[in-house]
Amino acid sequence: RTAPVAGGQWRGGGAPRYTVAMTTSDPCNDERCPGFDPGPVPNSQAFAVVIPRRAVDPRGMVRAAEVWRMAQEAAVQAMVELGWSPELLRDAQVAFVVSDMTVVHHRQAAYGERIRARTWVRDVRRATLVGRAIRLWSSEGPISTITQRWAHVSWTGPDALQVCAASAEILAAMPPAVGAKAFGPAALPAVVRPVAGPQFGFRFEVWHTWMDPIGHVNHPSYLDFLDEALCRQVAKHGGDPQQIDAVAERLRFRQAATAGQCLAAELRCVGLTDAGDAVLEGRVVRVDDGAELIRATLVRSFPDAAALLTR
């Protein structure tokens with residue numbers, strides 16, 4: 001069985017083969033996480049995730065955006081299992097793009113962990129918006145609770161995406177899971193101490209080699225941009241960017257970036273949680289016309305967070 005790794009790459013190299021990595025015997029049964037993993041409930045899929053070496057930071061821990069890429073692979077492989085591979089969707093001139101995604105990181109996974117993933121459809125709205133849940137864990141315990149909202153779009157090229165109703169055949173392949181309602185969506189921790197920090201960020205040009213199969217910047221990359229803005233701000237004021245731990249984040253997508261565009265990643269600290277973690281509000285904008293591409297909330301833990309982000 002060929003195992004997928006985060007970001008759409010496959011063990012052995014080369015382009016993604018989209019070989020189904022899930023089985024009816026449920027490969028996660030040997031490493032269940034009771035109370036976190038709902039188990040092999042009807043209309044759910046499960047598989048093993050391999051962590052590539054490039055996904056970890058200097059501490060050997062998986063970066064937040066790489067968790068997003070694992071979640072993307074889980075969603076893609078679930079559609080493959082349900083009979084709709086990326087190639088079939090492309091032939092039908094349709095696609096699914098992320099419109100909203102929330103991740104709660106229970107801890108950072110380490111390189112070499114045997115990660116398990118389970119995913120299921122939570123709901124379908126107006127035949128266009130698909131809510132999906134994903135849980136990542138290992139024998140060490142829960143890793144991430146993930147909630148996604150995917151929009152169904154017609155697609156004839158990078159500049160020709162339009163939200164539209166999915167066909168009856170596609171909808172029939174995505175029934176909501178039975179027996180997983182008790183496993184709720186990911187939710188960000190609340191701000192208990194408001195903080196009025198200054199805005200910070202940086203500008204950059206989008207590379208051609210960042211383009212995804214639809215010809216856009218892929219959605220996990222926006223989290224990379226925002227985390228880089230935070231790292232630069234922490235380093236500027238004498239902190240250690242490698243001590244930043246991801247607690248949670250939510251990104252809401254409005255427009256897509258394409259190669260050659262100049263973007264700005266902007267953040268500001270708006271408060272602290274009851275655990276003392278920094279809550280940041282931010283966005284990525286297109287510099288030429290000021291269009292807001294995504295709006296984000298990040299929750300991050302690191303030493304002296306309030307002091308470093310209010311200078």
Side-chain angles (χ1 to χ4, degrees), residues 6 28 31-39 44 46 49 51 55-57 59 61-75 78 98-110 113 115-123 130-150 177 180-193 219-227 230 243-253 267 269-282 294-302 305:
C28 296
E31 291 185 11
R32 290 285 311 286
C33 191
F36 179 75
D37 164 37
S44 71
V49 179
I51 303 174
V56 300
D57 63 20
R59 299 176 296 171
M61 311 305 288
V62 176
R63 297 183 181 90
E66 295 299 336
V67 171
W68 281 52
R69 293 182 175 99
M70 292 180 193
Q72 180 182 32
E73 192 65 21
V98 171
S99 63
D100 196 331
M101 182 162 161
T102 301
V103 178
V104 173
H105 304 274
H106 304 289
R107 64 180 178 86
Q108 286 188 283
E113 283 193 56
I115 295 181
R116 298 293 184 261
R118 191 178 306 281
T119 180
W120 63 93
V121 171
R122 290 177 53 84
D123 58 63
V130 178
R132 179 173 286 281
I134 300 170
R135 301 290 173 100
L136 301 178
W137 75 94
S138 77
S139 60
E140 301 297 318
I143 296 172
S144 300
T145 297
I146 302 161
T147 304
Q148 302 170 322
R149 179 68 63 184
W150 293 81
K181 289 185 178 180
F183 295 81
L188 301 182
V191 172
V192 299
R193 178 187 158 195
H219 64 272
S221 296
Y222 293 92
L223 183 57
D224 275 327
F225 304 154
L226 293 166
D227 272 330
L230 175 59
Q243 292 300 313
I244 299 173
D245 290 331
V247 177
E249 63 268 341
R250 179 187 180 191
L251 271 62
R252 288 144 286 175
F253 297 84
L267 282 172
C269 183
V270 298
L272 302 175
T273 68
D274 58 0
D277 302 327
V279 180
L280 304 104
E281 297 286 349
I294 68 103
R295 183 168 289 274
T297 303
L298 274 62
V299 185
R300 295 293 185 264
S301 175
F302 54 96

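Just so you know, residue 1 is the first one in the sequence shown, and it goes up from there. Values reported hereafter were calculated over all heavy atoms of this structure, with side chains retained and with hydrogens, waters and symmetry mates removed.
With rounding to the nearest 0.5 angstrom, the CD atom of Q72 is 11.5 Å from the CD1 atom of I146. Rounding to the nearest 0.5 Å gives a distance of 2.5 Å between NE2 of H106 and OG1 of T145. Rounding to the nearest 0.5 Å places CZ of R118 at 12.5 Å from CD1 of I134. Interatomic distance, I51 CD1 to I115 CD1, rounded to the nearest 0.5 Å: 3.5 Å. L280 contributes atom CG, which lies 6.0 Å from atom CG of L230 (distance to the nearest 0.5 angstrom).
Across all non-hydrogen atoms, the minimal contact from E113 to S138 is OE1-OG, 2.5 Å. The two residues T119 and A78 come nearest to each other via the heavy atoms CG2-CB, 3.8 Å. The heavy-atom pair separating V121 from V130 by the smallest distance is CG1-CG1, 4.0 Å. Closest approach of L136 to A117, counting heavy atoms only: CD2-CB, 3.5 Å. Across P185 and R122, no two heavy atoms sit closer than the pair CD-NH2, 3.6 Å. Between F36 and S144, the closest heavy-atom pair is CZ-O, 3.3 Å.
Under a cut-off of 6.0 angstrom, the local environment of CZ in R193 is sparse, with at most 12 non-hydrogen atoms contributed by other residues, nucleotides or ligands.
With sequence neighbours left out, A75 forms a side-chain contact (heavy atoms from CB on, under 4.5 Å) with R132, Q148, W150. Take R250 and apply the side-chain hydrogen bond (donor to acceptor under 3.5 Å, both in side chains) test, not counting sequence neighbours, and it matches D100. By the salt bridge (Lys or Arg N to Asp or Glu O under 4.0 Å) test, R295 is found to be paired with E292, residues two or more places apart in sequence or in another chain being considered. Here D277 pairs with V247, T273, A275, V299, S301 under the side-chain contact (heavy atoms from CB on, under 4.5 Å) rule; sequence neighbours left out. When the side-chain hydrogen bond (donor to acceptor under 3.5 Å, both in side chains) test is applied to R252, the partners found at least two apart in sequence or on another chain are T297. Residues satisfying the side-chain hydrogen bond (donor to acceptor under 3.5 Å, both in side chains) test with R149, not counting sequence neighbours, are D123. Annotation: side-chain contact (heavy atoms from CB on, under 4.5 Å) contacts of F253 (sequence neighbours excluded): W68, V98, H219, Y222, L251, I294. The side-chain hydrogen bond (donor to acceptor under 3.5 Å, both in side chains) check on E140 picks up nothing, with sequence neighbours excluded. Under the side-chain contact (heavy atoms from CB on, under 4.5 Å) criterion, A64 pairs with H105, L223, D227, A246, E249, R300, sequence neighbours left out.
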Does the side-chain contact (heavy atoms from CB on, under 4.5 Å) test come out yes or no for R59 and D245, once each step is laid out?
CA-CA 11 Å; R59 299 176 296 171; D245 290 331; 3.1 Å; yes
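Judged by distance alone, with hydrogens and angles left aside, the side-chain atoms of R135 form no donor-acceptor pair with the main-chain N or O of C33 at under 3.5 Å. Judged by distance alone, with hydrogens and angles left aside, the side-chain atoms of E66 form no donor-acceptor pair with the main-chain N or O of R63 at under 3.5 Å.
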